[in-house]
Amino acid sequence: MSYLVLESLREKIAQALLSLGLGSSSGQVDFVVEPTREKRHGDFATNVAFLLARLLKRPPREVAQNLKELLEPLLSDMARVEVAGGGFINFTLKDAFLLELLQRVLEEDERFGEVDVGKGVRIQVEFVSVNPTGPLHVGHGKCAAFGDALARILAKAGFAVEKEYYINDAGKQIELLGASLEARFRQILGEDVDVPEGGYRGEYLVDIARELLRERGAEVLGLPEEERNKLFREYAVEKILAQIRKDLDDFRVFFDVWFSERSLYEKGEVDYVLSLLQEKGYTYEQDGALWLKTTLWGDDKDRVLIRENGAPTYFASDIAYHWNKWKRGFERVIDIWGADHHGYIPRMHAAMRALGLPEDFLEIFIVQFVTLLRGGQPERMSTRQGEFVPLRSLIDEVGVDAARYYFLMRDPETHLEFDVEEAKRQSMDNPVYYVQYAHARIVSVFREAQKRAIQWVPFHEALGFGFENEDERDIARAIVYFPEVVKQSALLRQPYLLCNYLHDLAGSFHSFYNLHRILDTENVPRMSFRLALCRLTQIVLRNALELLGISVPESM
RNA sequence: GCGCCCGUAGCUCAACAGGACAGAGCAACGGACUUCUAAUCCGUAGGUUGUGGGUUCGAUUCCCGCCGGGCGCGCCA
């Protein structure tokens, strides 16, 4: 497991507090340790003295001073512990310690960044789960990128992760889909019929109808109604799902499980869960329908489980679905939904409580809409949001890497303005290339070294030469911080923290590269040390990009 | 009307979960390739953090009101 710099420091401070009879495990002093923003404040800082000052009713500065004296002997890894500002305590790592950590990074290599905050907890991430009634659009792409990256990050952070796609292959919209396909089918055969009211009018159904005609011929219309409906329905779902899978594959998003809603009905799980809720006494009948008392857990109104016509609602099968997840042994499940579903959250949480599941079993994330811009102007393809632009066309236009990075670089719960023109530009305005370029540059340095048959001291030995300047040290500090970022993004479920980090790391490297010559055969120790730093930076860039599902180019 | 999200430089966004002087990129301007990839770097300029209160040693961050934008409020999924 990788070393967590902040966590270790925090623990030591907590220990010091305990020895003072303060702080304690009860956490009455909830202090932070964080990397400093400015170099002159050292590497890390804590606000513990401010919080303690309140408790002790002493000036923060004085508390900080006392604490510093107490801490110093405990912190053999620190070169300096200083009181600054109104009462901050700043820490500066010993170079020797930093170098020792770098050694570990070399050893851990592709495993660097693995942390054990997940402790093997089984967690499921369910995302995209688009109804198989039409192709994926750009908004789904954002959900896909987020869910996929989150799953990768959680795995790196020590969770046992499974990715799942829930196929809504039951219910009215699927009936409508089948009817829409049949209408297109008949149209091709020259019949004067229209797509049913509220049906699916997209061109893709015309293509599918043609395919069906080619495969099965016009005689399918002669089948008995029930059989015919089933055929059209299933054919449409199958074809559309295949297209969705293809799009997701190309977007480098893969699922462990494709779960069918229909199977819940077939196995009687919907009925079972309904009876379970009835037994618990959380349901009642009114207006001929069966209701769940979701208001018991804060929902605005109670919700219908079985309609007056006897058909279960989507809500009912969704409850069964989540019960099924629980029965499969997940300790925690994450649902990622589009913004138009946010009104659905309270009832879902209420249902979990009604089933008696732990409060933190279900986590729901809402992914806000994407607005596509083209040169600063909103995309015209839709009168509403750009999200109706197919994901496919975005991938074709800007590529997978740029698309994924743009989706991931922001908090998914905020609206995203995605400028297609900017994403396409292979230049400095494009953050994904900025990061990838750093990697390609490093590879190129090694390529050059090899070409010139340059000999250098092996990395682990070369690290012994130590830092020559602040620029080198800055990179080292950024490198050893990576595991903390993995931990943070996993616990906060925020892949974008990783993007910010990557951008910073790449920036430190680019600055360094422009300021200092690496391949300097006049000074072999220095060159060797710098090559070691390059390799280390390369390791982190690669590991981090992989967590985002973005390719790691050897040259650009 | 109610609920959720959002409001920071001309534009798109950060600010590490309440911390030090609010930072990047783009756009603008000025510099750096006979030397490891210039998709890069260095510098200049750009701000009453929508607004009014409150809590705090400290607020872009938390609370309340208002203004503006987005989304949702079905026995649809």
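All values below were derived from every heavy atom in this structure, side-chain atoms included, with hydrogens, water molecules and symmetry-related copies excluded. Chain letters run A, B, ... following the sequence lines, proteins first and then strands; every chain starts at 1.
- Side chain of A:E38, nearest nucleotide from B:rG69, B:rC21, B:rU37: B:rC21.
- Ion pairing between a basic and an acidic side chain is recognised when a charged N comes within 4.0 Å of a carboxylate O; A:D43 and A:R473 show such pairing.
- No hydrogens or angles considered: nothing links the side chains of A:N168 and A:Q173 as a donor-acceptor pair under 3.5 Å.
- Contact annotation: A:Y433 side-chain N/O to B:rC26 OP1/OP2 distance is not under 4.0 Å.
- Separation of the A:W297 and A:Y282 ring centroids falls under the 6.0 Å cut-off.
- At a threshold of 4.0 angstrom between heavy atoms, the contacts of A:P60 with the nucleic acid are absent.
- Atoms CG (A:N514) and C1' (B:rC36) sit 11 Å apart, rounded to a whole Å.
- Protein atom NZ of A:K301 is 18 Å distant from nucleotide atom P of B:rC2, rounded to whole Å.
- A straight line from CG of A:D471 to P of B:rU40 spans 19 Å, rounded to a whole angstrom.
- For A:Y434 and A:H503, the distance between ring centers is under 6.0 angstrom.
- In textbook terms, a nucleotide whose glycosidic angle is within 90° of 0 is syn, and B:rC33 is one such case.
- The side chain of A:R517 lies closest to B:rC36 when the candidates are B:rA20, B:rC41, B:rC36.
- If you take atom P in B:rU12 and the same atom in B:rC21, they sit 28 Å apart, rounded to whole Å.
- The shortest distance between the side-chain N/O atoms of A:R441 and the OP1/OP2 oxygens of B:rC36 is not below 4.0 Å.
- In this structure, A:E34 reaches the sugar-phosphate backbone alone: every heavy-atom distance under 4.0 Å involves primed, P, OP1 or OP2 atoms, never a base.
- Of the candidate nucleotides B:rU37, B:rA77, B:rC75, B:rU37 has the atom nearest to the side chain of A:V445.
- Within the 6.0 Å centre-distance limit, the rings of A:Y406 and A:F418 are counted as a close aromatic pair.
- Rounded to an integer number of Å, the gap from CD of A:Q368 to P of B:rG72 is 10 Å.
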* Intra- and interstrand pairs of RNA chain B - dot-bracket, Watson-Crick/G-U under 3.5 Å, | marks other strand -> (((((((..((((.....[...)))).(((((.......))))).....(((((..]....))))))))))))....

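- Put simply, the side chain of A:E11 does not reach to within 4.5 Å of the side chain of A:L6, judged on heavy atoms.
- In this structure, the nucleotide among B:rA77, B:rA17, B:rA38 sitting nearest to the side chain of A:L492 is B:rA17.
- In terms of position along RNA chain B, the nucleotide closest to A:R410 lies nearer the 5' end than the nucleotide closest to the other residue of the pair A:R410 and A:A339.
- Using a 4.0 Å heavy-atom distance criterion, A:A438 is classed as making no nucleic acid contact.
- Aromatic pair A:Y321/A:F259: ring centres closer than 6.0 Å.
- For A:Y437 and B:rA39, the shortest distance from a side-chain N or O to OP1 or OP2 is below 4.0 Å.
- With a 6.0 Å cutoff to the six-membered ring centre and a 45° limit on the axis angle, A:R10 counts as a cation-pi contact of A:F31.
- Listed pair A:R307 / B:rC76 meets the phosphate criterion, a side-chain N or O lying under 4.0 Å from OP1 or OP2.
- Distance from the side chain of A:Y481 is smallest for B:rC16 among the nucleotides B:rG3, B:rC16, B:rC41.
- B:rG31 and B:rA15: their C1' atoms are spaced 30 Å apart (whole Å).
- Using a 4.0 Å cut-off, no side-chain N or O of A:T313 falls inside it from OP1 or OP2 of B:rC76.
- Within 4.0 Å (heavy atoms only), A:D169 reaches no atom of the nucleic acid at all.
- Look at A:F88 and the base of B:rA20; the rings stack, centres closer than 5.5 Å and planes less than 30° apart.
- Across all strands, A:Y501 comes closer than 4.0 Å to no nucleic acid atom at all (heavy-atom distances).
- Look at the C1' atom in both B:rU60 and B:rU56: the space between them is 16 Å, to the nearest Å.
- Atoms CD (A:E413) and C1' (B:rC13) sit 17 Å apart, rounded to a whole Å.
- OP1 and OP2 of B:rG74 both lie 4.0 Å or more from every side-chain N or O belonging to A:K172.
- Contact annotation for A:H439: no contact, since no heavy-atom pair falls under 4.0 Å across all strands.
- The side chain of A:Q173 approaches B:rA77 more closely than any other nucleotide in the set B:rA17, B:rC36, B:rA77.
- Between B:rU48 and B:rG1, the distance separating the two P atoms is 31 Å to the nearest Å.
- At the heavy-atom level, A:D287 lies under 4.0 Å from base atoms of the strands shown.
- Contact annotation: A:R54 side-chain N/O to B:rG58 OP1/OP2 distance is not under 4.0 Å.
- With A:L531 as the fixed residue, the side chain to side chain contact (heavy atoms under 4.5 Å, CB included) test singles out one of A:V457, A:I442, A:I518: A:I518.
- One atom, CE of A:M409, and another, P of B:rC26, lie 12 Å apart when rounded to the nearest Å.
- Using atom C1' as the reference point in both B:rG50 and B:rA32, the two lie 41 Å apart (nearest Å).
- The interatomic distance linking A:L491 (CG) with B:rA17 (P) rounds to 12 Å, in whole Å.
- Rounded to a whole angstrom, the distance from the P atom of B:rA14 to that of B:rC5 is 15 Å.
- Rounded to a whole Å, the CD1 atom of A:I366 is 10 Å from the P atom of B:rC5.
- For B:rG25, the base has no donor-acceptor partner in the side chain of A:H503 [N/O atoms by modelled type, under 3.5 angstrom].
- Put simply, the side chain of A:D504 and the base of B:rA14 share no donor and acceptor less than 3.5 Å apart.
- Rounded to whole Å, the P atom of B:rC2 lies 14 Å from the corresponding atom of B:rC64.
- Counting non-hydrogen atoms under 4.0 angstrom, A:Y513 reaches a base of the nucleic acid.
- Across all strands shown, A:E175 has no heavy atoms under 4.0 Å from either base or sugar-phosphate atoms.
- Using a 4.0 Å heavy-atom criterion, one finds that A:V485 contacts no nucleic acid atom at all.
- Taking atom C1' on both nucleotides, B:rC6 is separated from B:rG43 by 35 Å, rounded to a whole Å.
- Taking the six-membered ring for Trp and the full ring otherwise, the centers of A:W337 and A:F365 sit at least 6.0 Å from each other.
- Contacts of A:S555 with the nucleic acid, taken as non-hydrogen atoms under 4.0 Å apart, include base atoms.
- Looking at the side chain of A:I518, the nearest of the listed nucleotides B:rA20, B:rA17, B:rC36 is B:rC36.
- Outside the 6.0 Å centre-distance limit, the rings of A:F459 and A:F529 are not counted as a close aromatic pair.
- The aromatic ring of A:H41 is stacked on the base of B:rA20, with the two ring centres less than 5.5 Å apart and the planes inclined by under 30°.
- In this structure, A:R37 reaches the bases: a heavy-atom distance under 4.0 Å links it to at least one base atom across the strands shown.
- Base engagement by A:S444 is indicated by at least one non-hydrogen atom pair under 4.0 Å involving a base atom.
- In this structure, A:L497 and A:G343 both approach RNA chain B, and ranking their closest nucleotides by distance from the 5' end singles out A:L497.
- Geometrically, A:R441 engages A:Y513 in a cation-pi contact defined by less than 6.0 Å to the ring centre and at most 45° from the axis.
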